[in-house]
Amino acid sequence: MQYGYFDDKNREYVITRPDTPLPWINYLGCQAYFGIISNTAGGYSFYRDARLRRITRYRYNNVPFDLGGRYIYVRDNETGDYWSPSWQPTRSDLEQYTCRHGMGYSIIGAKRRGILASTRYFVPLDENLEIWQFTVSNERQTPAALSVFSAIEFCLWDAQDDATNFQRNFSIGEVEIEDGVIYHKTEYRERRDHFAWFACSAELAGFDTQRDVFLGSTRGWDRPAAVERGESANSVAHGWAPIGSHHVRMVLQPGETRQILFVLGYHENPKDAKFDPPDSQIVNKKTAKPVITRYLIPANVDAAFQKLRTYWNGLLGICQVMTPDIHTDRMVNVWNAYQCMATFNMSRSASFYESGIGRGLGFRDSNQDLLGFVHMVPERARERILDLAATQLPSGGAYHQYQPLTKKGNNDVGGNFNDDPHWLIVGVAAYLKETGDWSILDEPVQYDNQPGSEQPLYEHLQRSFRYTLERLGPHGLPLIGRADWNDCLNLNCFSDTPGQSFQTTTNKEGKVAESVFIGGLFVLAAKELAGIARHSGHADEAPGYLAEGARMEETVRRHGWDGEWFLRAYDDFGNKVGSKECAEGKIFIEPQGFCILAGIGLDDGLARRALESVRKYLATPHGIVLQQPAYSRYYLHLGEISSYPPGYKENAGIFCHNNPWVIIAEAMTGNGDGAHDYYSRINPSAREGISDVHRCEPYVYAQMIAGRDAPTHGEAKNSWLTGTAAWNYYAIVQWILGIRPAYDGLQIAPSIPERWAGFRAVRRFRGVTYNITVRREGPGNGVKLTVDGQPVAGDVVVPPADGRGEVAVEAVLH
Ligand code: GLC
Ligand code: GLC
């Protein structure tokens, strides 16, 4: 069953009923001002950092959990009937509800009793504000006397404190109201130099800024007293809960349409110019006012919206494909790329499953996110790489997370996740292949954000590499530390007390437990680092990296192969994890995918053996589960992985992030059918028809789909912020379709299903547009290339020497 449909032409997903199984959300803003918006207008906004600069409030674990948002109420002033065009919060019966989630905007609207009302929400490029462009039409035969109320609830900035520290917070709220604009200035009197403002383009009949006056002390958002009454109270918040609500009255003639703009913004003042007059406590609005005025003019708002559309058309235009599969096309061309922007911006910080007050940007996560993002805005990828590298520790290890506002490593979590450093090599390699910008390697970057500790980025990569060499275990495999990619495989933790962190409680010295997964990752990193060295004037170092990689590859073959698949790890007792010898957790997905991705076993059949085992033991119709058999009870020596009931999350859930590793492995071994088959099993668009089972948005990936051991097999969870986005994008575009940036040019090496007659693609790469046609002549994946009609050897198209901006590439598969 479905709750909507894809409007491919407009790059929108159209939700046709408000009661989706979960809030189906979209992101507003893609630079510094961000918002989350659900299909019923729930959600919140923040500036740069969801924890430290929260603009509107979110109540955690609410029911339903997207309650609290960007609400508009429409009231019929003759009958007193009132309703919300986004269905929530009044949940009135609606005719014609639709929510269109598009690229950086959402349009939510409905009709009730002859009144059609809809709001387009978006954040203009290069501005720190969001626009609610509200349109209302009278489709009745008679004039309609209406009231329109806006409503948002301000957050007192630090979202964690806002949600907990009531004894203080109930006394600090402050606002100003000037010319109908509501200014939220809590804590501005002391150390803050920023405030929020909420403006309306229409003449006001009134306003409210004190929540309990607007709602009534015993009511919620579904029945605000002011709306019921049809009159604002012009309340001024002193303490308690500051809100912003405007009230506009109008009479619409039959057939008449009116537009009202509501604009919510964030503004910073210089520390020495906070007040106006300077010796007062009144917010200096001099630099905010021109912005407010500009966006209360409809023509400017329409122009800003067009600019946003053009921006997204440009970004998505960098890579467009036309294949025989609609689900591939719409994910690659629109939604998966779009999701990669969200994961780049948010990392794992703010969604409806990440509260915005927990994790900031993750070292491992953000490096991987680059794989799906770097081609879109390489300058921002560059900046991110340098920020990440600056949180690396002198040891080569890294802070596991950092806060986006301060860009400082998070001490509570610390480091010693022993896979972390290598993801920097993977991220930098992706950046270099895309851009050819070798200058990044010379950028001086601090360690642990310490001034004076600057070293070229290249040295950071070398330290990443050495980090593992200095931390090898009894079998010569990398020691696992707190965890590797699988945060929940905690082999040194032995946590027995409720509430302890599984990752950071460490009861073992950590000199025994080893990770085969990091072994694979190290082999890949060695190859990438050798490639980087060869192309950047360090060619003499390349053989050394390759030799270390080869040594590790040997170790993996010797101590990391279990007969039919790659082992997962050795635990603190030196026992195998992910082996046929184990009672539970005999086979894990991660080393199968990652060892092959690193090239291990491609030439001697181990890779095929491992992939057959994956198909036999781990594959389900809903995707590939993380391990089998699931752990049926808690194992002290394995940690969080065994804390989850079987089939969920890392305990044999379909952890979508690692499915693409197997997809890539299948593609590398030439099995295009197998690769695309796995790709389709978790492709959200391909699962749209089972939305009642899948439950999450059909336009973006979720972190997890419940595995076969779970009672809810097939149910997705934790949508949006997941490494799944970047990895699937990378798997389908670079490995199945085979359009792969390489140091010397654009490689074309598809591994597509045998039944596909071919496909077309347009890829802009280093300033050149490649018009690519792939045509199947034989059943295999061997490639014969012609570039502008001339046959070329190999499968790499080098950039045209004569500066042509466009080339035609034909690849014939035989
Ligand atoms: C989450 C984390 C990621 C980790 C994965 C597996 O997605 O964000 O860092 O690799 O879980 O545990
Ligand atoms: C939990 C989650 C895991 C995530 C980790 C982040 O362990 O299960 O997916 O990576 O938290 O700290």
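Along the sequence shown, the residues carry numbers beginning at 1. Note that ligands are numbered from 1 as they come in the structure, with each ligand's atoms numbered from 1 the same way. The model shown is predicted, which means the values in this text are computed figures rather than measured ones.
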**Student:** Going through the distances and angles, do Asp420 and His400 end up as a side chain to side chain donor-acceptor pair (under 3.5 Å)?
**Tutor:** CA-CA 7 Å; Asp420 270 340; His400 197 49; 2.7 Å; yes
**Student:** Please report whether ligand 1 has a polar contact with Gln703, defined as an N or O pair separated by less than 3.5 Å (distance criterion only).
**Tutor:**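 Yes; at least one N/O pair falls below 3.5 Å.
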**Student:** Which atoms of ligand 1 sit under 4.0 Å from any heavy atom of Asn486?
**Tutor:** 12 (O)
**Student:** What pairs meet the salt bridge (charged side-chain N to carboxylate O under 4.0 Å, His left out) rule with one or both residues in residues 701-722, with sequence neighbours excluded?
**Tutor:** Arg695-Glu715
**Student:** Which atoms from ligand 1 have a heavy atom of Phe655 less than 4.0 Å away?
**Tutor:**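 Answer for ligand 1: 5 (C), 6 (C), 7 (O), 11 (O).
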**Student:** For a quick test of your reading: what N or O donor-acceptor pairs under 3.5 Å do the side chains of residues 370-377 make, sequence neighbours left out?
**Tutor:**
| residue | atom | partner | partner atom | Å |
| --- | --- | --- | --- | --- |
| His375 | NE2 | Tyr729 | OH | 3.1 |

**Student:** Using a 4.0 Å heavy-atom threshold (strictly under), name the region of Asp365 that reaches ligand 1: side chain, backbone, both or neither.
**Tutor:**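 Near ligand 1, Asp365 shows its side chain, while the N, CA, C and O stay back.
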**Student:** What atoms of ligand 1 come closer than 4.0 angstrom to any heavy atom of Glu650?
**Tutor:** 6 (C), 11 (O), 12 (O)
**Student:** Any side-chain to backbone donor/acceptor pair from Thr164 onto Gln160? Under 3.5 Å, distance only.
**Tutor:** yes
**Student:** Looking at the rings of Phe522 and Phe465, which for Trp means the six-membered one, are their centres under 6.0 Å apart?
**Tutor:** yes
